[in-house]
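Contents: one structure, followed by commentary.
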Amino acid sequence: MSQTAKIRVRMAPSPTGYLHIGGARTALFNYLFARHHGGTFILRIEDTDRERSKKEHEEAILKDLKWLGIDWDEGPLKDGPFGPYYQSERLDLYAKHLKTLAQKGRTYLCYCTPQELAAEREDLLKRKKTPRYLGRCRTLTDEQKRKFENEGRTSVVRFKIEETKSIVFEDLVRGKVEVDPKNVGDFVIAKNDGMPLYNFASVVDDSEMKISHVIRGEEHISNTPRQLLLLNQLGLPAPQYVHVSIILAPDRSKLSKRHGATSLGEYEKMGYLPEALFNYLALLGWSPGDDKEVMTRTEMIQSFSIDRLIKSPGIFDVQKLTWMNGLYIRSKPIEEITQLAKPFMEKAGLLLQDKEDSWLQKIIENVRGNLERLDQMGQYAEIFFDEKFQMDEESTKFLLENKESAQKVLEVLKALLSKYTAPDTIDTSGFESLQKELKTKVDAKGKTLFWTQRAALTGKLKGPEMVLVYATLPISSCQKRIEKTLSILK
RNA sequence: GUCCCCUUCGUCUAGCCCGGUCCAGGACACCUCCCUUUCACGGAGAAAACACGGGUUCAAAUCCCGUAGGGGACACCA
């Protein structure tokens, strides 16, 4: 069996919020790494925080991952040999390992109140020391414990740090990382109700699930020494650690709501294509090493490698994402993009129910060159919908300024169009002969001629080429619009 | 504050490990031009960076030291 066959990675979100950009990218790197090596990608729900974990968040996370095109091999809705994949269903496992630690004398009950803890922290801060728990409850006697309990205090389980030698680990992207244990205080590993806390639960599960590489955000670097200590006491092997740089907002601070959309769901609503977001995110903090930027998923899987992960944090650049999205919108098969665009058109108030897909496709063909996001669909497509027909200011001004010639052009056009009965739109050759005839019958040329038609037929001075407009807009609509325009001109 | 991490165009990055091929390459954005009787798309081009200071060396973006700046962590959250 090859080495790479044993690769097992995981994405371990906690359902306390929606999947944000950073989380999605971490998932993506894990996914790419697993697929590149033919390994296993596991999804584990870290729902140990009973108060904040919500089923709706979990569902949203699952939905968003699927939307992005990240599928897992083991996890919720996909049972595997290492389940269950919800931490809340693995409590006996943590209890077992907790017992091991207790037997080794490495745990103790702590009765400190949040106020006491905060006071200690502040004091340390004031004295320019690393804030950490100093171990006040380490040597509590049974009598003292009883006293605290009688006072109504609750306890938590802390891990006792006894090691003095520096903790060293080799991070696959950062290299050697070294931490002095004296900067790490005894930390809480379980609540009084037996619910494990992150550092402890995570370590137990990674080990039980045979995770080979832990690929996670940089914010976890400082948790790693704690986890290593735990692992060591538990007699469990450590995985390879890979700390990926975080994603920053344009002002170099942590990406948050005030910088705009942070959840994947919001990007979907704005009309970003999952392929585009996937592609863009993969490039934020990773590069294939050549100049290739637009890549298919398969290409990314093929060229993905951990040693091409970038150490420095990256700024999320919506502009580049948007550019890439436009690229994907233009290159997607017309049938597909039409289906995707429909909801956005409906949302923009365009009436689709009696419209045929083939006609909708023509519209998309007309306007996709202008699109960067699907939610811009309405503003470009509306010119083809009679219910939205409206002369804008620019067009009105133009028509009024060229009133006489415009009237003439439209009268002649109206007459010419009445000769067309079937099919109900005008194709390229029809368009050419129509224009030729129009030109000979009226004394208008070039810009005036075209802009008059454009204004009358679309209500705007900007838009798709006229030949496409004629090929898409039914003649009956053209007639109606010409009438309406003429009435404005009177 | 303490600990840890990071530092190439405005932004994403290639190059750095294995010094010379780099007066630093690509992409987004910006600007100019071409295509186009409009808007886009597309094409061509311009401008734009090795944080700073020392050292090592014939030679440093690349190696070493220091400084500055930025970020992260410091929960009975993950």
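Residue numbering restarts at 1 for every chain, and letters A, B, ... go by the order of the sequence lines.
- A distance of about 23 Å separates the C1' atoms of B:C17 and B:C12, rounded to the whole Å.
- Annotation: ring-ring contact (aromatic ring centres under 6.0 Å, His included) contacts of A:F29 (sequence neighbours excluded): A:F304.
- Here, B:A48 and B:G43 have their P atoms 24 Å apart, quoted to the whole Å.
- By the 4.0 Å N-to-carboxylate-O rule, A:R153 lies close enough to A:E151 to be salt-bridged with it.
- Under the 4.0 Å criterion applied to side-chain N and carboxylate O atoms, A:D251 and A:R258 are assigned as salt-bridge partners.
- A salt bridge links A:D180 with A:K182: the distance from a Lys NZ or Arg NE/NH1/NH2 to an Asp or Glu carboxylate oxygen falls below 4.0 Å.
- Atom CZ of A:R50 is separated from atom P of B:A75 by 24 Å (rounded to the nearest Å).
- A straight line from CD of A:E116 to P of B:A75 spans 15 Å, rounded to a whole angstrom.
- Taken from CE in A:M300 to CG in A:L32, the straight-line distance is 7.0 Å, to the nearest 0.5 Å.
- Annotation: A:Y198 is in aromatic contact with A:H220 [ring centroid separation under 6.0 Å].
- A cation-pi arrangement is not found for A:R10 relative to A:F41, the charged atom failing to lie both closer than 6.0 Å to the ring centre and inside a 45° cone about the ring normal.
- Rounded to whole angstrom, the span from the CZ atom of A:F200 across to the C1' atom of B:A75 amounts to 18 Å.
- Taking atom CE of A:M324 as the reference point, atom C1' of B:C28 lies 9 Å away to the nearest angstrom.
- In this entry B:A46 has no Watson-Crick or G-U wobble partner, no candidate having both defining distances under 3.5 Å.
- A donor-acceptor contact shorter than 3.5 Å links the side chain of A:T440 to the backbone of A:E437.
- The partner of B:U37, taking Watson-Crick or G-U wobble pairs whose two distances both stay under 3.5 Å, does not exist in any strand shown.
- To the nearest whole angstrom, the two C1' atoms, one in B:A49 and one in B:U8, are 6 Å apart.
- Remark: B:C23 base-pairs with no nucleotide in the shown strands. Criterion, Watson-Crick or G-U wobble with two distances under 3.5 Å.
- Judged as a salt bridge (Lys or Arg N to Asp or Glu O under 4.0 Å), and not counting sequence neighbours, A:D171 has no contacts.
- The same atom, P, is picked in B:A60 and in B:G19; the two are 13 Å apart, to the nearest Å.
- For A:F431 and B:U37, the CZ to C1' distance is 10 Å, given to the nearest whole Å.
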Given protein heavy atoms under 4.0 Å, the one-letter contact record of nucleotides 38-48 of chain B, with B base, S sugar-phosphate only and - none, is simply BBSSS------
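- Across B:C30 and B:A46, the matching C1' atoms stand 11 Å from one another, rounded to whole Å.
- Figure legend. B:C30 is base-paired to no nucleotide; pairs are counted as Watson-Crick or G-U wobble with both atom distances under 3.5 Å.
- By the 4.0 Å N-to-carboxylate-O rule, A:D123 lies too far from A:K126 to be salt-bridged with it.
- Positionally, the nearest nucleotide of RNA chain B for A:R127 lies more toward the 5' end than for the other of A:I246 and A:R127.
- Base pairing analysis places B:U57 opposite nothing; no Watson-Crick or G-U wobble pair with both distances below 3.5 Å involves it.
- Partner assigned to B:C9 is none, using Watson-Crick or G-U wobble distances below 3.5 angstrom.
- If you measure from atom CG of A:L248 to atom P of B:G69, you get 18 Å, rounded to the nearest angstrom.
- Of all nucleotides present, only B:C52 satisfies the Watson-Crick or G-U wobble test against B:G66, with each distance under 3.5 Å.
- Electrostatic pairing of A:K332 and A:E275 counts as a salt bridge here, judged by a charged N lying under 4.0 Å from a carboxylate O.
- Annotation: cation-pi geometry satisfied between A:R226 and A:F187 (NZ/CZ under 6.0 angstrom from ring centroid, within 45° of ring axis).
- Using a 4.0 Å heavy-atom criterion, one finds that A:G217 contacts no nucleic acid atom at all.
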In B/S/- notation, 5' to 3', how is nucleotides 4-13 of chain B contacted by protein heavy atoms closer than 4.0 Å? SSSS---SBS
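- Nucleotides B:A51 and B:G15, compared at atom P, are 16 Å apart to the nearest Å.
- Contact annotation for A:K254: backbone-only contact, meaning every heavy-atom pair under 4.0 Å involves sugar-phosphate atoms and none involves a base.
- The separation of B:G71 from B:C63, taken at their C1' atoms, amounts to 26 Å, rounded to a whole angstrom.
- One finds no salt bridge joining A:D290 and A:K292 here, because no Lys/Arg side-chain nitrogen approaches an Asp/Glu carboxylate oxygen to under 4.0 Å.
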Set out, line by line, the N/O atom pairs under 3.5 Å between protein and nucleotides 76-78 of chain B.
from, atom 1, to, atom 2, distance (Å)
B:C76, N4, A:C112, O, 3.1
B:C77, OP1, A:K191, NZ, 2.7
B:C77, O2', A:D49, OD2, 3.4
B:C77, O2', A:R52, NH2, 2.6
B:A78, OP1, A:T48, OG1, 2.5
B:A78, OP2, A:Y198, N, 2.9
B:A78, O3', A:E46, OE1, 2.5
B:A78, N6, A:N223, OD1, 3.1
B:A78, N6, A:N223, ND2, 3.4
B:A78, N1, A:N223, OD1, 3.4

Name every donor-acceptor pair, under 3.5 Å, that has one atom in a side chain of residues 159-167 of chain A and the other anywhere in the protein, sequence neighbours excluded.
from, atom 1, to, atom 2, distance (Å)
A:E163, OE1, A:R106, NH2, 2.3
A:E163, OE2, A:R106, NH2, 3.4
A:S166, OG, A:E178, OE2, 3.1

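- If you measure from atom CG of A:D291 to atom C1' of B:A27, you get 8 Å, rounded to the nearest angstrom.
- Look at A:R121 and you won't find any side-chain N or O under 4.0 angstrom from OP1 or OP2 of B:C74.
- Comparing the same atom, P, in B:A61 and in B:A75 gives a spacing of 43 Å after rounding to whole Å.
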